[in-house]
Amino acid sequence: AQSVTQPDIHITVSEGASLELRCNYSYGATPYLFWYVQSPGQGLQLLLKYFSGDTLVQGIKGFEAEFKRSQSSFNLRKPSVHWSDAAEYFCAFGGDAGNMLTFGGGTRLMVKP
Amino acid sequence: DAGVIQSPRHEVTEMGQEVTLRCKPISGHDYLFWYRQTMMRGLELLIYFNNNVPIDDSGMPEDRFSAKMPNASFSTLKIQPSEPRDSAVYFCASSSQGGVNQPQHFGDGTRLSIL
């Protein structure tokens with residue numbers, strides 16, 4: 001069965017520090033992978049996506065993610081976090097379940113001044 | 001361009017009442033998805049449509065929930081009768097052409113509270 005896991009429920013970082021949010025998937029082939037961000041009171045906004053090709057993907061707002069097949073991971077990174085990055089981040093996975101995406105449980109990011 | 005538009009943004013009603021949530025997808029998008037988000041269960045897909053036809057409703061909790069898409073620019077999610085456990089944020093999303101590789105665009109959600 002396909003699944004996606006975000007091991008960290010909460011993460012707190014200081015403003016200006018680097019960030020890495022973890023995402024692991026379980027699937028027999030190359031999946032379609034997405035990262036979304038949800039600010040309070042808003043819907044989910046797409047940050048970036050991976051389908052194939054270059055395993056390092058650049059997204060909006062200075063985020064990037066690296067697909068590592070050997071580790072079944074698609075971790076999200078940002079070199080320097082801003083206070084406005086405080087939000088909840090969702091990794092999503094698409095495999096062979098038709099048009100449906102499977103979302104991870106989310107990681108809530110808090111940024112300390 | 002306008003994004004996915006949901007109404008109302010907030011709904012508070014008493015148990016047993018009928019609740020109707022509305023969604024206008026992005027123009028030209030063929031796929032429409034309804035999700036429910038709660039602290040306990042996270043983000044769950046309830047149902048999705050392709051070209052106004054329901055394709056998979058396996059996520060609909062029970063018969064009290066129903067969804068329709070009478071035309072390409074409008075969909076509703078109804079709960080009748082509503083129960084306190086239905087309290088959640090309900091999101092509508094749309095995508096173009098379908099396929100799991102197409103990003104989904106989300107509305108800002110309807111926060112539903114059943115008293």
Side-chain angles (χ1 to χ4, degrees), chain A residues 1-10 23 25 27-53 57-61 63 65 67 74 87-108, chain B residues 2-10 21 23-26 29-51 53-60 88-112:
Chain A
Q2 58 191 44
S3 64
V4 59
T5 304
Q6 294 179 247
D8 305 305
I9 297 175
H10 297 277
C23 172
Y25 68 90
Y27 186 58
T30 299
Y32 299 106
L33 293 161
F34 306 81
W35 274 100
Y36 285 84
V37 60
Q38 184 182 26
S39 297
Q42 296 186 14
L44 280 69
Q45 180 185 18
L46 181 68
L47 285 176
L48 48 79
K49 59 187 179 184
Y50 172 78
F51 299 153
S52 62
V57 180
Q58 302 297 319
I60 63 171
K61 303 185 180 187
F63 285 92
F67 172 65
F74 188 57
E88 188 150 18
Y89 292 79
F90 292 90
C91 182
F93 166 100
D96 52 12
N99 298 288
M100 295 188 291
L101 292 180
T102 301
F103 284 85
T107 298
R108 184 168 296 277
Chain B
V4 175
I5 299 173
Q6 291 186 247
S7 64
R9 287 298 311 276
H10 303 273
L21 311 181
C23 175
K24 176 179 170 57
I26 293 173
H29 280 190
D30 297 329
Y31 284 77
L32 184 140
F33 305 82
W34 281 102
Y35 290 90
R36 179 172 66 177
Q37 185 179 40
T38 62
M39 289 292 292
M40 292 300 295
R41 301 175 67 90
L43 198 62
E44 304 173 278
L45 177 66
L46 300 178
I47 185 172
Y48 80 92
F49 295 82
N50 174 214
N51 290 326
V53 176
I55 302 301
D56 189 323
D57 65 353
S58 59
M60 295 286 262
V89 182
Y90 291 81
F91 288 102
C92 177
S94 70
S95 69
S96 63
Q97 301 176 356
V100 76
N101 58 340
Q102 296 296 323
Q104 295 181 17
H105 300 263
F106 284 75
D108 285 338
T110 295
R111 183 172 295 275
L112 178 63

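Letters A, B, ... are given to chains in the order of the sequence lines, protein chains preceding strands, and every chain is numbered from 1. Heavy atoms only: backbone and side chains are in, while hydrogens, waters and symmetry mates are out.
Neither the backbone nor the side chain of Arg111(B) has a heavy atom closer than 4.5 Å to any heavy atom of chain A. Interface remark: Gln6(B) contributes no atoms to any contact with chain A (heavy atom separation under 4.5 Å). Only the side chain of Leu46(A) comes within contact range of chain B, with heavy atoms under 4.5 Å apart.
Between Tyr36(A) and Gln104(B), the closest heavy-atom pair is OH-N, 3.1 Å. When every heavy atom of Gly43(A) is checked against every heavy atom of Asp108(B), the shortest pair comes out as N-OD1, 3.4 Å.
Rounded to the nearest 0.5 angstrom, Leu43(B) CG and Gln38(A) CD are separated by 7.5 Å. Note: Leu101(A) CG to Tyr35(B) OH = 5.0 Å, rounded to the nearest 0.5 Å.
Between chain B and the options Gln45(A), Gln42(A), Lys49(A), heavy-atom pairs under 4.5 Å are most frequent for Gln42(A).
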From CA spacing to verdict: side chain to side chain contact (heavy atoms under 4.5 Å, CB included), Gln37(B), Phe90(A)
CA-CA 12 Å; Gln37(B) 185 179 40; Phe90(A) 292 90; 3.3 Å; yes
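Annotation for Ile60(A): atom CD1 counts as buried by contact number, over 12 foreign heavy atoms lying within 6.0 Å.
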